[in-house]
Each structure stands twice: as structure tokens, then as C-alpha cells.
Amino acid sequence: MSSFNIGLLPGDGIGPEVVAEGVKVLDAVGSRFGHEFAYTSDTVGGAAIDAFGFALRDETLEMCKAQDAIFFGAVGGPKWDDPNAKVRPEQAILGLRKGLGLFANIRPVKMYDFLADSTSLKPEVVRGVDLIVLRELTGGIYFGKPQKQWVENGERHVVDTLAYSEHEIERIVRVGFALAQGRRKKLTSVDKANVMESSRLWRAIVLEIAPDYPDVELEHLLVDACTMHLISRPGDFDVIVAENLFGDVLSDEASMLAGSMGMLPSASLGARDEGGTGLGMYEPIHGSAPDIAGQGIANPIAQVLSGAMLLRLSLGLEAEALAVEAAVDAVLAAGHRPPDLAGPNDTPKDTTAMGDLIVEALAG
Ligand code: NAD
């Protein structure tokens, strides 16, 4: 029997509700495949602000560093929404990214056929979409210095700085090539090389390391063109890799292709180099959904599928990950729907019932 340590950070709103179902499914994986998962839970986000005055305590970060992977729910809510507040729930996410060196954000976007009518695009455009947006998470314009406003001659000025090192670019692009190798072997590298110096270095590095991955077809797209192609021919993409700002925008755009927020998982991977932890953090892309929190009606599938990514990417348990994904597919194929996906003729299943059905499907 193998045993693994998982840090649980359920957070706020529906976070604890969906994390409970994710844990239920991980435990079912443990029973079926003979693994033991030991969980250490802690409070982050708004709940941690209320309890301790900080969104992320040092102790929590240290606890996370001692785990094999982190399973995160969501943070935030109207109670802590004051934009001028010194402590904000999102500081937990930024602190974890920084503290754990999580430099690669992986967002798979898979369109389930039964949702094809739920997107704002034509069903024939989105049917069959199965892509990953890979975003660099710890560099670029969100972190570059100087970042400031000042007044000169009575006029306001501002500067943000976009800085990357060769090493930061290379490691994220290599993750992109490796992901593509495990899929349909196509990598789209996104930049703005016709205008930006940072993009010219990005493209040069992509071209330099491409020969290490001869089986992967490489395409370069300017970011403006990519935003168009994502909605005109999304089925053509396999893995898209982009620096932080471009990836932020493209990953949100891509999530709309799937028809529902409640279905999309994500992973943020740490660096094993530079003394980093090599840890991964897994969470749904949706937020804490305060409008439905406490009602037991949240869709737990994004959290459950984040658990599948955790099994695959942090624990190396591919068969187990596939089993979870197949169980979700089977439950949906059998016509079961959480409230956010239920049509007029469906009887919606609440959060716990969806989790139970996935566990049953896993047990076979
Ligand atoms: P949200 O994703 O929480 O909700 C958007 C809409 O989608 C809501 O109507 C919600 O009910 C619905 N929804 C989301 N997840 C769902 C699920 N699993 N099942 C069914 N319906 C679901 O985004 P928001 O409303 O913009 O933000 C709410 C709070 O969450 C804010 O405080 C925001 O800052 C925070 N947030 C946190 C994260 C995170 O923790 N990673 C991400 C985004 C937003």
C-alpha cells in the first residue's frame, strides 16, 4: 500500500462543500487501488482573516511544504470584498503561489457534448474541444519592478514592468512541450513578437528548445490572433503556452468554451529546480460562489477533476486519474446532472449526491 500526504485548504463559500466531495472521491480511489491518503486541513482566505487576521499564515505555508500535494477549494466572498482592505482573501492564493514556487498553471478545457448548447458559441464550433491553456504564473508584468504611479508636471504617470529570465521562459515552455507529448502532440506558443522585446526572447527560446521535442508540432500565434482563433476554431488547439498576462486572459476566454464553470479543474505546479518544492496545488477554476454557498447545490465536478489532476501530476497515479475521469464521464453519460447543468427535464442532484454517484461509478 502506498500512502500520500495531502494538504487540504477548503477556503470559503462553496469551497468546503466541493472539497468534501473531492476527498470522498480520493478516498474511493484509495479503497479501489490500495492507497492511503492522509489529510492535513487548514484555514485560508476569508475564514483565516476572521480567525487569525491573515489570509495565509506562515504555519499554513509550512504545513503545505510538508505534503505531497495541495487540494484547494476557493476563497473570497462579499464579507471581505472591500478593495481597500489591507488583508484580502486572494492573498492566500498569491502567497501559496509565491511560497510554493508554483510557476506553471495548467487549465484543461474539455467540452462535454451535452453542454454544447450551453455555451455562447455555436455547438458545431465547440463540440469536441479538448485543450489545455498553460500559463506562466510567477513572472512577467504582474511581478516586475518598477510598478508604480507618480505625478510629474501635474500629470499622472504609471509604469508596469514586464521582466523574464531565460530560465523562467524555458521551464514553462518545456512543461508545454511535455504536456503536448502526452496528448495530441501539438503546441501553440503565444507571444506578441511583432511588438514586444520580451516576446522576441520568448519566441527565440521556444525555437531553440523545439528540436528536443521532434514529435511535437509547433505553431506560433500572436496573442491577438490567438484570441480570435480560440473562438473561431477552438477544436484545433491541443496545448497553448503563454506568459503570465497573456495566459491569464486566454485561460479565462478558453474556460467559456466549456459551457460551465463547475466542470473545469486546474493545477499549479512548482519548480523542482532552484531549491523549489516541486509541489502541485489543485483547485477548480471557479470561485467561492457566495450566491449558492450553504445550499448544498454546488457542482463538485471541477473539484473532483482537480483531484484527478493531483493523482496524475503530483502522485504519478495515471490509472487512478483515468478512473476518476471515467467515473465522472459515466455519471454524466447516465444523465445525472448537478443543478447548474440540469435541463428542464432533469431532476438535479445536489452536491453530496453527485459525489456519491461518482464514488459508486468508481467502485464499478
Ligand atoms: P464564482 O466562480 O464564485 O461564481 C460565478 C458564478 O458561477 C456564480 O453564479 C456561481 O454560483 C457559479 N458557480 C461557480 N462555481 C460553481 C459550482 N461549482 N457549481 C455551481 N455554480 C457555480 O465567481 P465570482 O462570483 O466572480 O466570485 C465569487 C468570489 O470568489 C469572489 O470573492 C471572488 O474573489 C472569489 N474567487 C475566488 C477564486 C479562487 O479562490 N481561486 C477564483 C475566482 C473568484
Side-chain angles (χ1 to χ4, degrees), residues 2-9 18-19 22-23 25-30 32-33 35-39 64-73 93 96-97 99-110 130-138 170-185 187 213 216 238-242 247 251 254-255 263-274 276-285 301-329 358 362:
S2 357
S3 68
F4 301 98
N5 296 316
I6 312 282
L8 284 187
L9 303 175
V18 291
V19 166
V23 166
V25 172
L26 286 178
D27 285 339
V29 167
R32 174 169 155 191
F33 290 88
H35 307 301
E36 196 184 346
F37 299 110
Y39 305 100
C64 288
K65 287 180 181 169
Q67 308 300 316
D68 294 309
I70 311 301
F71 205 32
F72 187 95
I93 299 177
L96 286 160
R97 282 179 189 166
L100 302 176
L102 305 176
F103 75 95
N105 182 242
I106 302 174
R107 275 201 194 181
V109 178
K110 182 176 161 189
D130 181 3
L131 60 84
I132 287 179
V133 180
L134 173 64
R135 165 189 169 195
E136 202 290 326
L137 209 52
T138 52
E170 180 173 339
R171 68 182 181 183
I172 188 76
V173 173
R174 284 198 186 277
V175 173
F177 275 111
L179 282 173
Q181 276 184 323
R183 294 170 45 95
R184 299 197 306 279
K185 299 186 171 35
L187 181 68
Y213 307 88
V216 175
D238 182 13
V239 178
I240 297 171
V241 61
S251 55
S255 68
M263 305 288 285
L264 297 179
S266 79
S268 300
L269 302 185
R272 266 178 238 280
D273 50 5
E274 295 176 332
T277 59
L279 268 178
M281 183 164 103
Y282 301 84
E283 58 181 309
I285 72 153
I301 292 177
Q303 190 78 47
V304 168
L305 293 175
S306 301
M309 294 185 82
L310 181 157
L311 293 167
R312 174 179 290 122
L313 298 173
S314 275
L315 308 186
L317 302 176
E318 177 66 22
E320 289 81 344
L322 287 171
V324 171
E325 289 159 354
V328 169
D329 285 350
I358 296 167
L362 245 178

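Note that the structure is predicted; figures quoted are calculated from it, not measured. Sequential numbering from 1 along the given sequence is applied to the chain's residues.
For L96, the side chain to side chain contact (heavy atoms under 4.5 Å, CB included) criterion is met by L9, L56, L61, C64, F72, L100, M281, not counting sequence neighbours. Every residue two or more places apart in sequence or in another chain that forms a salt bridge (charged side-chain N to carboxylate O under 4.0 Å, His left out) with D329 is listed here: K110. Applying the side chain to side chain contact (heavy atoms under 4.5 Å, CB included) test to A254 and every residue at least two apart in sequence or in another chain returns V109, L131, V133, L230, L257. Every residue two or more places apart in sequence or in another chain that forms a side chain to side chain donor-acceptor pair (under 3.5 Å) with E136 is listed here: T138, Y164. Considering only residues two or more places apart in sequence or on other chains, R184 meets the side chain to side chain contact (heavy atoms under 4.5 Å, CB included) condition with D130, D238. Every residue was checked against the side chain to side chain donor-acceptor pair (under 3.5 Å) condition with S306, not counting sequence neighbours, and none meets it. With sequence neighbours left out, the side chain to side chain donor-acceptor pair (under 3.5 Å) criterion links Q181 to D215. Annotation: side chain to side chain donor-acceptor pair (under 3.5 Å) contacts of E325 (sequence neighbours excluded): R312. R32 pairs by the salt bridge (charged side-chain N to carboxylate O under 4.0 Å, His left out) definition with nothing, not counting sequence neighbours.
From D68, atom CG reaches atom CG of L279 across 8.0 Å, with rounding to the nearest 0.5 Å. Atoms CD1 and CD1, on I358 and I301 in that order, are 5.0 Å from each other to the nearest 0.5 Å. Separating the OG atom in S251 from the CD1 atom in I285 is a distance of 7.5 Å, to the nearest 0.5 Å. In this structure, CE on M309 lies 9.0 Å from OG on S268, to the nearest 0.5 angstrom.
Using bins of under 30°, 30° to 60° and over 60° for the plane-to-plane angle, the ring pair F37/Y39 lands in the tilted bin.
Annotation: side chain of V19 is in contact with side chain of L8 (closest heavy-atom distance under 4.5 Å). Residues I240 and L134 form no side-chain contact, since every pair of their non-hydrogen atoms from C-beta on lies 4.5 Å or further apart. The side-chain heavy atoms of L26 and F71, taken from C-beta on, include a pair separated by under 4.5 Å. Looking at heavy atoms from C-beta onward, L313 lies in side-chain contact with I106 at the 4.5 angstrom threshold. Using a 4.5 Å heavy-atom cutoff, the side chains of V29 and L362 are in contact. Contact annotation: the side chain of P265 never approaches that of R107 to less than 4.5 Å [non-hydrogen atoms, C-beta and beyond]. At a threshold of 4.5 Å between non-hydrogen side-chain atoms, the residues F103 and V175 count as touching. Side chains of F4 and Q67 form no contact here, defined as non-hydrogen atoms less than 4.5 Å apart.
R97 contributes no side-chain N or O that, together with a main-chain N or O of L102, makes up a donor-acceptor pair within less than 3.5 Å. The closest donor-acceptor contact from the side chain of S266 to the backbone of E283 lies under 3.5 Å.
A69 approaches L310 most closely through the heavy-atom pair CB-CG, 3.7 Å. Here the shortest heavy-atom pairing between F33 and A319 reads CZ-O, 4.1 Å. Taking every heavy atom of both residues into account, I132 and P108 meet most closely at CG1-CA, 3.9 Å. Considering all non-hydrogen atoms of both residues, G99 and K65 come closest at O-CE, 3.5 Å.
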Pair I172-V241, side-chain contact (heavy atoms from CB on, under 4.5 Å): steps then yes or no
CA-CA 8 Å; I172 188 76; V241 61; 4.1 Å; yes

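In this model, a donor atom of one side chain and an acceptor atom of the other lie less than 3.5 Å apart for Y282 and S314.
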